[in-house]
Amino acid sequence: MPTILGQNQYGKAENRVVKITRDGATHHIKDLNVSVSLSGDMDEVHYSGSNAHVLPTDTTKNTVYAFAKEYGIESAEQFGIHLARHFVTSQEPIQTARIRIEEYAWERIAASDANSRFIGADEVKHSFVRKGQETRLTQITYDGRSWEVVSGLKDLVVMNSTNSEFWGFVKDKYTTLPEAYDRILATQVAARWRFNWTDDEQKMPHWEKSYEQTRKHMLQAFAETYSLSLQQTLYQMGSRIINNRGEIDEVRFSLPNKHHFLVDLEPFGLKNDNEVYYAADRPYGLIEATVLRDGCTAKIPVDLTNL
């Protein structure tokens with residue numbers, strides 16, 4: 001045979017499932033986009049077309065919805081673990097299951113309160129996050145022996161309106177960028193973090209708390225770092241996560257620098273004292289790096305799109 005089969009996988013992608021949990025008059029929503037990918041003893045379906053080892057992708061879709069009812073959705077990670085374990089342990093030809101999940105957050109709308117009043121801001125007054133825009137992510141991989149859980153988020157837009165500089169950089173004959181000693185620092189965070197939970201003998205992390213705390217430490221590091229470069233801020237964000245979350249060994253960031261340039265108002269006889277900016281969507285600087293716990297090996301793909 002002049003050719004042989006290489007790596008292969010199959011499954012059902014982007015199964016949208018919304019689970020409503022009714023606690024009396026109080027309802028809770030989990031809104032997931034679940035992609036199932038299975039691999040194993042699948043040579044014959046490629047060589048001869050025999051489907052003897054093939055679990056239909058329609059069945060994997062049905063399993064997602066049935067499991068939402070049978071097990072509920074405590075967290076994206078826990079739901080993915082249930083699915084991955086089921087596919088590997090219930091179907092002999094399937095040796096590895098990879099479950100990718102995007103979670104879309106729904107924020108409860110608070111009732112108006114005539115007695116409510118504005119509460120003063122804390123000491124950090126220059127940091128902002130666009131509410132409800134990020135998408136939570138997780139990828140569960142199980143081969144019947146060990147687990148790999150990589151979670152994260154994308155599209156988290158953050159900004160520091162001061163406490164950022166950029167100067168002392170290399171200059172050549174093509175350099176036109178002026179040095180900045182007070183600038184806006186903004187980015188759209190894409191992050192993945194890898195858990196050190198790998199087998200059922202270990203205590204499983206509290207997935208919901210871990211996500212909330214990881215996000216909190218990431219944002220606090222962004223807000224509290226006096227930044228001389230986006231690279232420095234990235235490292236501080238990753239370090240804060242590693243130092244505060246013992247269940248995480250590796251963090252990978254992809255941070256586009258959402259440039260804000262001062263508008264020249266002199267033609268109009270106006271002075272622009274770091275007040276009016278042009279927000280440029282492209283081209284943009286793209287800063288990417290991995291932050292690791294000392295002694296650990298990087299396993300998250302360099303190109304986050306490979307996830």
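Computed over heavy atoms, backbone and side chain alike; hydrogens, waters and symmetry mates excluded.
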Roughly how far, to the nearest 0.5 Å, is [atom2] of [Y] from [atom1] of [X]?
X	Y	atom1	atom2	result
Thr63	Asp58	OG1	CG	9.5 Å
Asn163	Leu228	CG	CG	10.5 Å
Tyr278	Leu262	OH	CG	14.0 Å
Lys271	Glu266	NZ	CD	10.0 Å
Arg293	Ser239	CZ	OG	10.5 Å
Asn244	Gln213	CG	CD	8.5 Å

Over 12 foreign heavy atoms within 6.0 Å of [atom1], [X]:
X	atom1	value
Lys299	NZ	no
Glu70	CD	yes
Asp294	CG	no
Glu14	CD	no
Tyr235	OH	no

Using 30° and 60° as the class boundaries, would you call the ring planes of [X] and [Y] parallel, tilted or perpendicular?
X	Y	value
Trp147	Tyr142	parallel
Tyr71	His82	parallel
Trp193	Tyr211	tilted
Trp207	Phe195	perpendicular

Determine, step by step, whether Lys30 and Glu103 satisfy the salt bridge (Lys or Arg N to Asp or Glu O under 4.0 Å) criterion, reporting the C-alpha distance in whole Å, the side-chain angles of both residues, the deciding distance to 0.1 Å, and the verdict.
CA-CA 8 Å; Lys30 283 290 188 179; Glu103 179 176 346; 3.0 Å; yes

Taking all heavy atoms of [X] and all of [Y], pick out the closest pair and write down the distance.
X	Y	result
Ser210	Arg245	CA-NH2, 4.0 Å
Ile248	Thr214	CD1-OG1, 3.4 Å
Met42	His53	CE-O, 3.2 Å
Tyr10	Thr57	CD1-CG2, 3.7 Å
Leu153	Arg215	CD2-CG, 4.3 Å
Ala190	Leu255	N-CD2, 4.4 Å

Test item: [X] and [Y] side chains (from C-beta on) under 4.5 Å apart, heavy atoms:
X	Y	value
Asp31	Arg16	yes
Phe222	Val189	no
Val36	Val64	yes
Leu292	Ile242	no
Met204	Ile81	yes
Thr26	His28	yes
Arg192	Leu137	yes
Leu234	Val291	yes

Are any side-chain N or O atoms of [X] and backbone N or O atoms of [Y], one a donor and one an acceptor, separated by less than 3.5 Å?
X	Y	value
Asn272	Glu275	yes
Asn15	Val34	yes
Ser50	Val45	no
Asp43	His46	no
Asp199	Gln202	yes
Asp182	Ala180	no
Asn196	Gly246	yes

Output a table of donor-acceptor pairs, distance under 3.5 Å, between side-chain atoms of residues 72-80 and any protein atom two or more places apart or on a different chain; print 'none' if there are none.
from: Ser75; atom 1: OG; to: Gln78; atom 2: N; distance (Å): 3.0
from: Glu77; atom 1: OE1; to: Arg136; atom 2: NH2; distance (Å): 2.8
from: Glu77; atom 1: OE2; to: Ser151; atom 2: OG; distance (Å): 2.6

So which of Glu134, Gln188, Glu102 actually passes side-chain hydrogen bond (donor to acceptor under 3.5 Å, both in side chains) with Lys154?
Glu102

Identify all side-chain donor-acceptor contacts of residues 281-290 below 3.5 Å with residues at least two apart in sequence or on another chain.
from: Glu288; atom 1: OE2; to: Ser254; atom 2: OG; distance (Å): 2.9
from: Thr290; atom 1: OG1; to: Arg252; atom 2: NH1; distance (Å): 3.0

Between side-chain atoms of residues 86-96 and protein atoms elsewhere (two or more places apart, or another chain), which donor-acceptor pairs fall under 3.5 Å?
from: Thr89; atom 1: OG1; to: Arg85; atom 2: O; distance (Å): 2.6
from: Ser90; atom 1: OG; to: His86; atom 2: O; distance (Å): 2.6

Might you work through the side-chain contact (heavy atoms from CB on, under 4.5 Å) test for Ile140 and Ile101, ending with a clear yes or no?
CA-CA 8 Å; Ile140 315 297; Ile101 300 176; 5.5 Å; no

Phe169: which residues meet the side-chain contact (heavy atoms from CB on, under 4.5 Å) condition with it, sequence neighbours left out?
Phe166, Lys171, Thr175, Leu177, Glu179

Which residues pass the side-chain contact (heavy atoms from CB on, under 4.5 Å) test with Ser227, not counting sequence neighbours?
Ser164, Leu185, Gln232, Thr233

CA sep, side-chain torsions, deciding dist, call: Arg98, Gln139, side-chain contact (heavy atoms from CB on, under 4.5 Å)
CA-CA 7 Å; Arg98 186 195 69 198; Gln139 174 175 288; 3.7 Å; yes

Transitive ILVMFWY side-chain link Leu32 to Phe67, under 4.5 Å
yes

Would a hydrophobic clustering, with Ile, Leu, Val, Met, Phe, Trp and Tyr connected at side-chain separations under 4.5 Å, put Leu230 with Tyr226?
no

In the hydrophobic cluster built from side-chain contacts under 4.5 Å, what are the other members alongside Val18?
Ile20, Ile29, Trp106

